[in-house]
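Working notes for the structure below.
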Amino acid sequence: MGYGRFYEEFQPGEVIKHSLRKTILESDNNLFCLLTMNHHPVHSDIEYAKNHQHGQILVVGTLVFSLAVGLTVEDISGRAVANLEYENIKHHEPVFLNDTIHVETEILDKRESRSKPDRGIVHVRSHVYNQRDREVLSFERKVLVFKKSGGSSVA
């Protein structure tokens, strides 16, 4: 099938269990903190985190979100023209260093583009789970995807 799906290949109600997983390492979290200027000690200071609610370093929530989106690219947005919208982002539980996340995505709806006949908009909801299958994050997004009939094969 190649990398990603065409518009016609998405079926509302379908649930995709993405095959990729990611263990979030201390180096991932540290680099993300540096890149995003998030210097809150709960994400980088072990001694501070010991006295915090969870007693250990928390992974930055937007890192978990970014990784989750990345884990879905092959199946959801690999043929996308653009990600149009993210909404309903919810952090359900904390994520800690060395947690491994995986994602399942439900196809909620799709519609043809009103202005571009060679593409359509796919609306999905993704659920992110840790290694204990506890939901840690969920979000929705709308993706503009080429149609098989007349779209480019390059995203």
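Please read these numbers as outputs of a predicted model, since none were measured by experiment.
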Can you tell me how far OG of S77 sits from CG of L144, rounded to the nearest 0.5 angstrom? 11.5 Å
So if you build clusters from Ile, Leu, Val, Met, Phe, Trp, Tyr with side-chain heavy-atom gaps below 4.5 Å, do L20 and V143 land together? no
H54 vs F96 aromatic rings, parallel, tilted or perpendicular, using cut-offs 30° and 60°? perpendicular
Between D133 and H102: side-chain donor-acceptor atoms closer than 3.5 Å: yes
Could you go step by step and tell me if D118 and F146 meet the side-chain contact (heavy atoms from CB on, under 4.5 Å) rule? CA-CA 6 Å; D118 65 337; F146 280 115; 3.7 Å; yes
Is it possible for you to say whether Y86 and L63 belong to one hydrophobic cluster, with membership spreading through side-chain heavy-atom contacts below 4.5 Å? yes
Test item: K142 side-chain N/O and V124 main-chain N/O as donor-acceptor pair under 3.5 Å: no
Is there side-chain contact between L67 and I101, with heavy atoms separated by less than 4.5 Å? yes
Are I89 and V136 connected, step by step, through hydrophobic side chains (Ile, Leu, Val, Met, Phe, Trp, Tyr) whose heavy atoms are closer than 4.5 Å? yes
L58 reachable from L137 in the ILVMFWY side-chain graph, under 4.5 Å edges: no
Against I76, only a single residue in N83, V69, I16, V122 fulfils side chain to side chain contact (heavy atoms under 4.5 Å, CB included); can you say which? I16
Any side-chain donor near an acceptor of the partner, D99 and Q131, under 3.5 Å: yes
Main chain of E8, side chain of Q11: is a donor-acceptor contact present, judged purely on distance under 3.5 Å? yes
Test salt bridge (charged side-chain N to carboxylate O under 4.0 Å, His left out) applied to E135 - qualifying residues, sequence neighbours left out: none
CA sep, side-chain torsions, deciding dist, call: E112, R119, salt bridge (charged side-chain N to carboxylate O under 4.0 Å, His left out): CA-CA 6 Å; E112 294 185 1; R119 55 198 80 169; over 6 Å; no
Can you measure from CD (E104) to CZ (R125) and round to the nearest 0.5 angstrom? 13.0 Å
Do the side chains of E9 and K110 get close enough for a salt bridge, i.e. N-O under 4.0 angstrom? no
Are the side chain of N130 and the backbone of V95 linked by a donor-acceptor contact shorter than 3.5 Å? no
Taking the six-membered ring of F6 as reference, does the cationic atom of R79 (NZ for Lys, CZ for Arg) lie under 6.0 Å from its centre and within 45° of its axis? yes
Counting N and O atoms only, with roles assigned by atom type, does the side chain of D28 sit under 3.5 Å from a partner on the main chain of L25, one being a donor and the other an acceptor? yes
Could you tell me the separation between the CZ atom of F32 and the OG atom of S27, rounded to the nearest 0.5 Å? 13.5 Å
I want to know whether F139 and F65 have ring centres closer than 6.0 Å. yes
With the side chain counted from C-beta on, respond yes when S138 and H92 share a heavy-atom pair under 4.5 Å apart, and no when they do not. yes
Determine whether the side chains of S44 and H39 contain a donor N or O and an acceptor N or O closer than 3.5 Å. no
So is K148 actually on top of Y7's ring, under 6.0 Å and inside 45° of the axis? no
Same apolar cluster (I L V M F W Y, side chains within < 4.5 Å links), L108/L84: no
Just how far is it from atom OG1 of T72 to atom NE2 of H18, taken to the nearest 0.5 Å? 5.0 Å
Are the side chain of N38 and the backbone N or O of H40 linked by a donor-acceptor pair below 3.5 Å? yes
Exactly one of H123, K90, E106 should register a side chain to side chain contact (heavy atoms under 4.5 Å, CB included) with E140. Which one does? H123
Side chains of N29 and L97, heavy atoms from C-beta outward: is any pair under 4.5 Å? yes
